[in-house]
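Here the structure is laid out as structure tokens; the discussion comes afterwards.
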Amino acid sequence: MSFPLLTATAAVPAVGAVLTAAVPAARRTGAKWLALLVSLATLVLAAVVWARFEPGGDRYQLTENHAWIKDFGVRYELGVDGIGVALIGLTALLIPFILLAGWHDADPLETSSKRWRPTQGFFALILMVEAMVILSFEATDVFLFYILFEAMLIPMYFLIGGFGDRAHTGSDENAAAQRSYAAVKFLLYNLVGGLIMLAAVIGLYVVAGNFSLTEITEARANGSLEMATSTERWLFLGFFFAFAVKAPLWPLHTWLPNAMGEATAPVAVLITAVVDKVGTFAMLRFCLGLFPEASKWATPAIVVLALISIVYGALLAVGQRDIKRLVAYASISHFGFIILGIFAMTSQGQSGATLYMVNHGISTAALMLVAGFLISRRGSRLIADYGGVQKVAPVLAGTFLIGGLATLSLPGLAPFVSEFLVLVGTYARYPVAGVIATTGIVLAALYTLVLYQRTMTGPVKEEVRALPDLRARELAVVVPLIAVLIFLGVFPKPLTDVVNPAVQYTMSDVQQKDPQPQIQNVEAAK
């Protein structure tokens with residue numbers, strides 16, 4: 001039997017989480033280093049997965065298939081396509097930087113309520129989330145995916161509610177209440193979505209007789225499995241609702257600003273750059289793969305919701321006074337672009353959406369982590385409490401600017417390529433939607449540049465006069481992320497080569513072809 005590479009890629013952080021949690025309380029520095037080494041080992045395994053994946057080969061590769069719950073037809077079935085490989089790489093890349101950025105976020109801190117922060121638990125929970133997210137990108141059994149989809153909520157709940165941002169403007173009691181509210185809201189929203197998805201998963205089993213994604217899609221393709229139109233649409237809505245909550249798509253987005261605002265900056269990155277990608281990934285793999293006709297039926301409504309997310313999220317970002325909530329609303333706008341690209345039903349749109357998942361993860365990590373370093377120095381998340389930072393901490397200000405420019409998709413940085421493909425792919429099939437979506441670009445420039453102007457330029461405020469610049473550990477976090485943003489901005493081919501064949505399979509699932517460009521005959525027009 002060949003080495004179970006996909007299982008190992010998820011098992012290493014899972015075992016590392018258990019070992020990290022078991023480290024004695026007095027050896028919290030050792031627990032940190034153990035967690036970091038485990039995350040680096042996971043990154044190496046993810047690189048091996050990438051190297052062994054053949055873009056021109058079978059749709060699902062490195063497959064593993066074992067009986068699990070025989071009585072219910074549930075199998076431990078894994079496999080990766082190009083989209084899964086790209087997102088596994090993103091997850092494995094970001095976790096070491098998240099751990100480094102949060103190196104001191106869970107150190108013992110005595111507050112007025114005499115509570116202490118368990119360092120080992122913080123790092124163990126992050127590794128456990130990494131294991132579940134990676135395995136969800138690999139799962140080709142629908143029931144296995146559902147279990148992972150729900151299980152990752154538990155460690156995230158504790159990371160949000162138990163390890164909140166120390167830069168809270170209110171009292172300790174108020175901060176704890178806000179964290180608790182954000183964590184419970186996150187959990188309830190996603191649990192409701194998951195319960196609706198569970199009903200759809202059961203319905204799918206009743207119709208198909210198994211949970212295997214590959215078997216169901218093959219049966220649908222060769223005509224041996226037929227679904228009534230109404231059945232397929234109801235099942236699609238059950239899956240899509242859960243994914244739209246996690247994505248998050250308007251109007252199911254309201255948990256995200258609370259969660260990102262109250263969480264530490266590294267946990268906020270974990271939420272929006274890693275965990276939320278499971279929702280958009282699942283739209284491509286499960287919604288379009290299992291329910292192609294229902295996906296086309298729902299496309300007009302989803303395109304409208306995506307456009308609302310783009311414009312609404314950007315407008316609210318413009319009006320924010322809190323740095324972290326501004327990034328949260330900007331992410332809602334960006335997820336609107338991703339979902340728009342997916343349901344544009346063009347190869348450019350879906351390739352752009354997949355690249356957007358990766359590039360948004362890296363750019364948001366760069367911006368949010370630098371913002372976290374800034375907030376930890378000043379002790380405030382309010383934009384009005386800053387001014388003139390670039391004069392006292394020029395490296396911090398410069399990296400913050402590059403992260404912001406990536407967020408507004410400046411040409412030469414990675415997000416530009418993905419946003420351009422989404423817009424081109426959308427315009428080819430839905431010209432009006434493509435035009436409306438471009439307003440998100442204008443608004444992104446507005447909220448990003450205004451944020452930089454108000455925090456980094458102008459007179460130096462007395463409270464920021466003594467702010468130190470980025471330290472060695474912080475530079476080790478930010479510089480590689482910026483280097484990746486620049487590299488993928490000028491040379492996205494390593495990503496597109498892996499992603500494009502998977503997109504063609506998805507287009508085949510929904511039986512769609514790219515619209516032919518309409519070339520006007522100039523002489524005839526005269």
Side-chain angles (χ1 to χ4, degrees), residues 97-98 100-107 109 111-112 163-172 174-175 178-179 257 260-269 316-331 363-408 410 444-479 481-482 485:
F97 298 120
I98 289 172
L100 268 178
W103 200 251
H104 299 298
D105 284 357
D107 284 350
L109 176 67
T111 66
S112 58
F163 301 91
D165 192 351
R166 294 178 178 180
H168 201 285
T169 55
S171 63
D172 289 343
N174 183 52
Q178 291 295 325
R179 287 198 302 272
M260 289 185 65
E262 298 304 323
T264 64
V267 173
V269 171
L316 264 65
V318 171
Q320 289 303 305
R321 296 181 296 173
D322 183 309
I323 297 174
K324 291 170 68 177
R325 289 178 69 89
L326 184 150
V327 178
Y329 280 109
S331 291
S363 62
T364 298
L367 180 61
M368 178 60 86
L369 293 180
V370 176
F373 298 148
L374 177 66
I375 291 168
S376 66
R377 284 160 163 74
R378 173 67 176 83
S380 173
R381 307 193 316 238
L382 298 179
I383 297 173
D385 289 340
Y386 296 89
V389 173
Q390 67 180 12
K391 297 178 182 177
V392 298
V395 177
L396 188 154
T399 53
F400 188 83
L401 178 61
I402 295 174
L405 293 177
T407 298
L408 63 82
L410 183 76
L446 180 61
Y447 62 68
T448 300
L449 296 178
V450 168
L451 172 64
Y452 183 84
Q453 180 187 40
R454 292 178 178 175
T455 55
M456 302 297 168
T457 66
V460 179
K461 289 201 171 185
E462 192 61 35
E463 294 82 0
V464 305
R465 192 171 296 278
L467 287 186
D469 213 334
L470 292 182
R471 303 178 179 92
R473 173 181 60 84
E474 296 165 335
L475 286 171
V477 172
V478 177
V479 171
L481 292 174
I482 291 176
L485 285 173

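Rounded to the nearest 0.5 angstrom, L481 CG and T399 OG1 are separated by 10.5 Å. Interatomic distance, L408 CG to L446 CG, rounded to the nearest 0.5 Å: 10.5 Å. Separating the OG1 atom in T455 from the CZ atom in R378 is a distance of 12.5 Å, to the nearest 0.5 Å. A distance of 10.0 Å separates CG of L326 from CG of L316, quoted to the nearest 0.5 Å. Of the inter-residue distances, the one linking I323 atom CD1 with M368 atom CE reads 9.5 Å to the nearest 0.5 angstrom. In this structure, CG on L467 lies 12.5 Å from NZ on K461, to the nearest 0.5 angstrom.
Of all the heavy atoms in G387 and V464, the pair that sits closest is O-CG2, 3.3 Å. When all heavy atoms are compared, the tightest approach of T448 to G404 is CG2-O, 3.1 Å. When all heavy atoms are compared, the tightest approach of Y452 to A397 is CE1-O, 3.5 Å. Residues A406 and S363 come closest through the heavy atom pair CB-CB, 3.7 Å. When all heavy atoms of A476 and F97 are compared, the closest pair comes out as O-CE2, 3.5 Å. Across all their heavy atoms, A393 and P468 have their closest contact at CB-O, 4.1 Å.
Residues passing the salt bridge (Lys or Arg N to Asp or Glu O under 4.0 Å) test with R465 are E462, sequence neighbours excluded. Here A101 pairs with P266, L369, F373, V477 under the side chain to side chain contact (heavy atoms under 4.5 Å, CB included) rule; sequence neighbours left out. For R473, there are no salt bridge (Lys or Arg N to Asp or Glu O under 4.0 Å) partners two or more places apart in sequence or in a different chain. Legend: residues meeting side chain to side chain donor-acceptor pair (under 3.5 Å) with S331, ordered by chain and number and at least two apart, are T272, H360. Partners of R325 by salt bridge (Lys or Arg N to Asp or Glu O under 4.0 Å), not counting sequence neighbours: none found. Residues satisfying the side chain to side chain donor-acceptor pair (under 3.5 Å) criterion with Q320, sequence neighbours excluded, are absent altogether.
The shortest distance between side-chain heavy atoms of Y386 and I375 falls below 4.5 Å. Within the 4.5 Å cutoff, side-chain heavy atoms of Q390 are placed close to those of T457. Considering only heavy atoms from C-beta on, L374 comes within 4.5 Å of L396 through its side chain. Contact annotation: the side chain of L401 never approaches that of M456 to less than 4.5 Å [non-hydrogen atoms, C-beta and beyond]. Considering only heavy atoms from C-beta on, E463 stays 4.5 Å or farther from D385 through its side chain. Put simply, the side chain of L451 reaches to within 4.5 Å of the side chain of F400, judged on heavy atoms.
R377 contributes no side-chain N or O that, together with a main-chain N or O of A466, makes up a donor-acceptor pair within less than 3.5 Å. Looking only at distances, no side-chain donor or acceptor of K324 sits under 3.5 Å from a matching main-chain atom of A371.
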